[in-house]
Every structure is written in structure tokens, then in C-alpha cells.
2 protein chains.
Amino acid sequence: MSTKGSVKGLPKAKAEVIAPKRGRPARKETATNKEQQQKILDAAEKEFAKYGFNGTSIQQIADRAELPKANIHYYFASKEKLYLALFDNIIHLWNDHLDEVRVDDDPAEVLARFIRKKVELSYSHPLSSKLFAMEIIQGAPHIRKYIKSEMRTWVRNKAAVIEEWIRKKRMKAVDPVHLIFLIWSSTQHYADFDTQVLTIMNRAEYEREMIDEISDFLCEIILTGCGLKVPAKPR
Amino acid sequence: MSTKGSVKGLPKAKAEVIAPKRGRPARKETATNKEQQQKILDAAEKEFAKYGFNGTSIQQIADRAELPKANIHYYFASKEKLYLALFDNIIHLWNDHLDEVRVDDDPAEVLARFIRKKVELSYSHPLSSKLFAMEIIQGAPHIRKYIKSEMRTWVRNKAAVIEEWIRKKRMKAVDPVHLIFLIWSSTQHYADFDTQVLTIMNRAEYEREMIDEISDFLCEIILTGCGLKVPAKPR
DNA sequence: CAAAAGCCTGATCAAGTGGTCAGGAATTAT
DNA sequence: ATAATTCCTGACCACTTGATCAGGCTTTTG
């Protein structure tokens with residue numbers, strides 16, 4: 001997804017914003033500094049992913065991070081800046097793989113790798129997925145621009161490649177954009193709806209075994225549905 | 001899904017709760033009464049679907065319904081009661097169809113009908129879908145019981161039928177539970193993530209044509225993936 | 001008609017909201 | 001050592017939160 005320009009950069013420290021000494025950077029990235037910021041970001045991700053932007057209070061985040069509320073505001077000028085800082089990571093994470101797809105590549109290989117990678121991400125970064133889902137459901141008020149530009153471009157590029165595959169009869173003629181939506185939805189579902197999935201399957205949490213099972217299942221259905229043979233699992 | 005017992009019944013009127021005259025019911029279902037309640041429920045659905053339980057204030061709902069805040073509390077004792085009242089409708093709506101599925105039915109017919117129905121619901125009741133999604137993402141704090149009991153039973157029953165189809169070689173051997181998850185996720189995606197979908201497809205809103213397109217696409221991929229032939233569209 | 005029941009709402013409450021700020025503590029630079 | 005900078009936080013502010021309630025209004029009942 002190659003997100004060069006971040007949604008909104010990590011906020012500069014307050015002091016710098018208020019009284020920026022020109023020339024040398026006013027705030028160094030000290031160890032404590034980074035550490036504290038990460039602590040806040042981690043706590044914020046958990047809370048925002050659970051209650052959305054409006055539903056989360058800074059006090060909640062402060063409690064979770066075990067810091068006084070005012071300290072949050074020292075590092076992040078406003079609730080919104082903190083929220084947006086989280087999306088920097090998420091957007092980078094999201095589709096950075098698959099960027100290098102080419103028309104010459106094998107459709108089955110590419111799609112299988114894509115599906116497995118997305119399932120893996122749902123497993124390794126469920127909070128990011130939930131946070132993103134929340135934001136979209138609410139109408140993407142904070143990242144609308146990103147969807148309209150980078151994300152749309154990304155989808156169109158991938159769709160063009162898939163269309164080329166179809167033209168060359170390397171796979172069945174299916175709508176490429178909906179295919180991308182299908183892979184997104186079916187994979188992210190396991191992160192966003194983990195409560196429902198785990199409850200119905202009577203599990204406490206995901207395990208490696210189950211993740212592989214899910215990947216295999218989705219590859220099987222989707223690739224077959226595209227008229228492709230599922231490639232042997234790598235490794 | 002046959003939800004006989006509602007999650008929590010529509011709240012009785014305050015007066016009745018506080019001073020229940022025994023014998024005859026204290027509050028009749030007058031026209032105004034029902035009308036007002038529906039107005040509140042509609043407004044509440046819109047707001048809760050957008051901001052979740054914690055993120056929505058009663059004032060917001062009151063503004064949207066064009067009623068004074070205190071009037072909301074007249075009909076619904078608490079924010080939670082109002083919230084739960086919404087899930088009565090949703091849960092009834094959700095999977096009431098497909099209840100009558102039998103082992104003798106044609107797998108392709110049943111799955112195709114299921115997919116089309118779910119896409120249709122995403123189109124006709126996007127707010128219900130979003131509200132449900134929000135609740136699940138947040139860990140289903142208010143409807144956990146329902147998922148653990150009725151919903152789990154429902155899934156198991158349907159999965160048993162699918163397994164029987166597989167045993168009889170009427171379709172490919174795929175995990176029935178994951179198949180249900182796949183249909184849920186891929187169809188609901190178009191309601192929950194409508195902002196993303198529409199933005200990327202450069203549309204203002206869904207139209208009949210596009211809904212049919214989506215249904216056809218999902219039927220094609222999923223049924224083929226299950227080793228089934230897509231049945232001719234009814235009508 | 002009058003009495004009763006149901007309907008409605010402005011005013012009010014304690015608790016919580018995002019955000020500010022003065023000033024002290026800790027660290028770093030000179 | 002001393003000065004400068006950065007880090008931290010308790011106290012505070014105006015505003016919003018969910019909820020209550022007294023009292024007036026309207027409709028139904030007898």
C-alpha cells in the first residue's frame with residue numbers, strides 16, 4: 001500500500017510546537033520519551049479498538065497506561081492527534097505486502113499468499129484491524145482522504161493486474177474489485193468478530209493450528225472459486 | 001434463528017414499573033405511544049450504529065429524534081434498555097430465514113438463497129448490521145448470552161446439515177462452520193464497510209444493479225468453491 | 001362534566017469530559 | 001556548578017454525561 005505520506009505525523013512535543021527553536025530539533029528521541037509514547041499508544045489502541053473514538057476517554061487510556069491524564073496531553077496535544085497517530089502504524093501495516101505484484105506472477109500463488117498474509121495479520125494485529133473497522137463503520141471521518149486516494153489507487157492497480165490475468169485466461173472471469181473485497185472481509189472477520197467466532201467455536205483464543213485451518217479453508221474456497229488450483233503450502 | 005425469548009423485552013412504561021396496578025395493564029399501546037417509541041428507536045439505531053454504546057449520548061439521540069432528552073427517559077428507563085430494545089429487532093431479522101433447511105434440500109439452492117438473502121439484508125438494513133458489528137467488535141458485552149446459546153445452536157444445526165451433504169457427496173468437503181463465517185463476513189461487509197466500498201467504487205450509494213452484481217459474484221465464488229453449480233437465478 | 005391515567009419536559013444533579021496551566025522535578029548542556 | 005531544557009503532574013475550567021423529578025399538559029374513562 002506504500003503509504004509515503006503518513007495520515008498525520010506523530011505529533012511533535014508540545015514545547016516544540018509552542019516555542020520551536022529554529023535550527024536544531026528541540027526534542028530528541030530519548031529512550032524514555034519513545035518508551036512513554038509507545039506505552040500511551042499501546043493503551044490507546046486497546047481502548048479505541050474497544051470503544052471507538054467517541055466512546056473512549058483520555059482518562060481510560062491514562063488508567064490503562066498507568067499514567068496521569070495530563071501526561072497523555074503532554075505527548076499528544078489532543079485526543080484526535082493521538083487517535084490519528086495510531087493510524088500511521090495501521091496503514092503502513094495494512095497492505096504493504098502484495099505491493100510488488102506483477103502481471104507475470106502466478107495468480108494462484110499471489111492470491112494464496114495474499115490470503116495467508118491477511119489471516120496472519122488478523123492473528124498478529126487484531127487490535128489494528130478492529131480499530132480500522134470501527135473507523136470505517138463510523139463513516140471513516142478521520143481517514144476518508146486516505147481511502148479516496150491511496151487506497152483507491154491501490155485497489156485499482158491490483159484490479160488491473162487481475163484483469164490482465166483474466167484476459168490471458170489464467171483465471172476465471174470474476175470481478176476483481178469484489179474479489180479484493182471478499183478477501184478483505186473474510187480474513188478481517190476473524191480479527192474483528194473474534195468474540196463471535198471464538199464463542200461459537202467454543203475456544204478461549206486463537207491458536208496456530210486454527211489459523212492455518214482458516215487460511216487453508218479460505219484459499220480452498222476462493223482460489224477454486226476463481227478457477228485456480230491451490231498451490232502447495234510454502235515451507 | 002427463531003428467537004423466541006427476546007434479549008430483553010421492550011421496557012414497560014416508567015409509571016407502570018414504578019406503580020404497577022395489579023390486574024389490568026397500566027399502559028395501552030396507543031398510536032402516539034408506539035409512534036414516539038419508534039421515532040426514538042429509529043434515532044437510537046442511527047446513532048448507536050455510528051458511535052457504539054459508549055460513544056453515543058442520549059442527547060444525540062434526542063436531537064436526532066427531535067425530542068427533549070427527558071422524553072427519551074420517559075419511554076426507556078436507561079440508555080442500556082434502549083440499546084437492548086434495538087437488538088430485539090436485529091436478532092429476529094438476522095437469520096430467521098434458512099431456519100427450515102433440511103438435509104433433503106439442494107445444497108446449491110440453499111446456499112445461494114442464503115447468500116442472496118444476506119446481501120439483501122445488508123442492503124435493506126445496513127444500520128442493523130452496523131449496530132451488530134459494533135457490538136461484536138466491542139466484545140459483545142450486551143449480547144454475549146445470546147451468542148453463546150441461540151446463535152451457537154443455530155450454527156451447529158446448520159453445520160450438521162452441511163456435514164450431511166458432504167457425507168452424501170453432494171458437495172465438496174469444506175469446514176461447515178467456516179463456510180458460515182465466510183458467508184456472514186462477505187455479505188455483511190457491504191453494509192458495515194459501505195463507506196469504504198462506495199468510496200473505492202466511486203459511488204454515492206448502492207443501487208439495485210450493484211446489489212445483484214454482488215450476490216452473483218459471491219454465489220459464483222462460494223458455490224464453485226464448494227464444488228457446486230450456481231443455480232439459475234429465480235424469477 | 002370531573003377524575004384518573006398517561007404523556008411530556010424544564011430544571012437540576014453528581015459525575016465525568018477534553019483540555020489547560022503553573023510550577024516543580026529530572027535530565028542535559030555548558 | 002549553573003543554566004537551560006525537557007519531563008511530569010495536581011489542580012482547575014467550562015462543558016457534557018446519564019439520570020431524576022416535580023409539575024404541567026393532554027387524553028381517556030366513568
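We use all heavy atoms of the structure for the numbers below, so side chains are in, but hydrogens, waters and symmetry mates are not. So that the names make sense, note that chain A is the first sequence line, chain B the second, and so on, each numbered from 1.
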If you measure from CG on A/Asp192 to CD on B/Gln138, what distance do you get to the nearest 0.5 Å?
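Reported value, rounded in 0.5 Å steps: 12.0 Å.
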Is it true that B/Glu213 and A/His178 share a donor-acceptor pair across their side chains at a distance under 3.5 Å?
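Result is yes, a qualifying pair exists.
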Under 3.5 Å, is there a donor-acceptor pair between the A/Tyr83 and A/Glu135 side chains?
yes
Sorted by number, residues from residues 64-71 of chain B placing a heavy atom under 4.0 Å from DNA chain C are B/Pro68, B/Ala70, B/Asn71
The correct set of residues in residues 45-62 of chain B placing a heavy atom under 4.0 Å from DNA chain C is none
Short side-chain to backbone donor-acceptor contact, A/Tyr123 and A/Tyr190, under 3.5 Å:
no
Main-chain N/O of B/Ser186 paired with A/Ser186 side-chain donor or acceptor, under 3.5 Å:
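Not at all, since once roles are kept as given, no pair shorter than 3.5 Å links the two residues.
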Whole-Å distance between [N] [atom2] and [X] [atom1]?
| X | N | atom1 | atom2 | value |
| --- | --- | --- | --- | --- |
| A/Ile40 | D/dC7 | CD1 | P | 11 Å |
| B/Tyr75 | D/dA19 | OH | C1' | 18 Å |
| A/Gln36 | C/dA26 | CD | P | 15 Å |
| A/Gln37 | D/dC8 | CD | C1' | 14 Å |
| B/Lys79 | D/dG18 | NZ | P | 4 Å |
| B/His73 | C/dC7 | NE2 | P | 17 Å |
| A/Glu35 | D/dC7 | CD | C1' | 14 Å |
| B/Ile72 | C/dC7 | CD1 | C1' | 14 Å |

Please check the phosphate of C/dC8 (OP1 and OP2 only) for any side-chain N or O of B/Tyr74 closer than 4.0 Å.
no
Indicate yes or no: does [X] engage [Y] in a salt bridge with an N to O separation below 4.0 Å.
| X | Y | result |
| --- | --- | --- |
| B/Asp63 | B/Lys69 | no |
| B/Arg208 | B/Glu120 | yes |
| B/Arg113 | B/Glu100 | yes |
| B/Arg64 | B/Asp42 | no |

Just wondering, more than 12 heavy atoms not from B/Lys50 lying within 6.0 Å of its NZ?
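Atom NZ in B/Lys50 is not crowded, with 12 or fewer foreign heavy atoms closer than 6.0 Å.
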A/Phe87 and A/Phe132 aromatic ring geometry - parallel, tilted or perpendicular at 30°/60° bounds:
tilted
Based on Watson-Crick and G-U pairs with both distances under 3.5 Å, what dot-bracket line describes DNA chain C 5' to 3', crossing pairs as [ ] and inter-strand pairs as |?
||||||||||||||||||||||||||||||
